[in-house]
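Let me begin by presenting the structure, written as structure tokens, before commenting on it.
Note that ligands are numbered from 1 as they come in the structure, with each ligand's atoms numbered from 1 the same way.
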Amino acid sequence: MPLWRSASTKVRLLQRVAFFEGLSPRQLGQVARLADEVEVAAGKRLATAGDTGRELFVIVEGRAIAKTPRGRTVQLGPGQFFGEIGLIDGGPRSATVEASTPMRLLVVGHREFWELLAEAPPIAKRIMRTLSQRLREADAAFSPCS
Ligand code: CMP
């Protein structure tokens, strides 16, 4: 369910989310303009493996579980994000993601995502670093040496 807040209230919310740490007040204002805040109930499916999806989700409160088609499960919590893979390469979602508790999320659409990276380079770094870690973990999970 989308929520509507004033820009300054939304900025105060963003200041509590680790994902946005280190952003200037101006950058936080840009994020507030580009991201929609939503609340979902436990059990809500937020992404489906194989489907097209063009949004990035940043978790403000609550937890989610990502399940890959090969059976790997990953817990995601406040300050973490998901949905970047399909958004960046335009391909299908690599995992199904469901809320395991009630959640509050920020949702960033495709056009807004690229605008956000240009406005707030620390976010681009954070996403690249996490993507690299996810790639290593996914690879290690299925390597013959693990
Ligand atoms: P995307 O493929 O767009 O949609 C599903 C999301 O689940 C994916 O982006 C990632 O954000 C997340 N995801 C997929 N695999 C993993 C993983 N191994 N570790 C953490 N998150 C993942």
Electrostatic pair Glu115:Arg33 at N-O distance under 4.0 angstrom: yes
Can Glu137 be said to touch ligand 1, with heavy atoms closer than 4.0 Å? no
Just so I know, are the side chains of Leu76 and Ile59 near enough to count as touching, which here means a heavy-atom distance under 4.5 Å? yes
Strictly under 6.0 Å, is that where the ring centroids of Phe57 and Phe81 end up? no
Is there a side-chain contact between Glu112 and Asp36, using heavy atoms and a 4.5 Å cut-off? no
Given the options Thr130, Val31, Leu106, Ile123, Phe19 meets side chain to side chain contact (heavy atoms under 4.5 Å, CB included) only with Ile123
Please write down residue, atom name and distance for the protein heavy atom closest to atom 5 (C) of ligand 1. Ala95 O, 3.5 Å
Any heavy atom of Gly53 closer to ligand 1 than 4.0 angstrom? no
Is there a nitrogen or oxygen of Ala66 sitting under 3.5 Å from a nitrogen or oxygen of ligand 1? no
Report the part of Val74 (side chain from C-beta onward, or backbone N, CA, C, O) that has a heavy atom under 4.0 Å from ligand 1; answer both or neither where that applies. side chain
Hey, does Pro92 come in under 3.5 Å of ligand 1, counting only N/O atoms on both sides? no
When you compare ligand 1 with Glu84, is there at least one nitrogen or oxygen pair between them that comes in under 3.5 angstrom? yes
Geometric N/O contact Thr68 with ligand 1, under 3.5 angstrom: no
Do Met103 and Leu46 make a side-chain contact, defined as non-hydrogen atoms from C-beta onward lying under 4.5 Å apart? yes
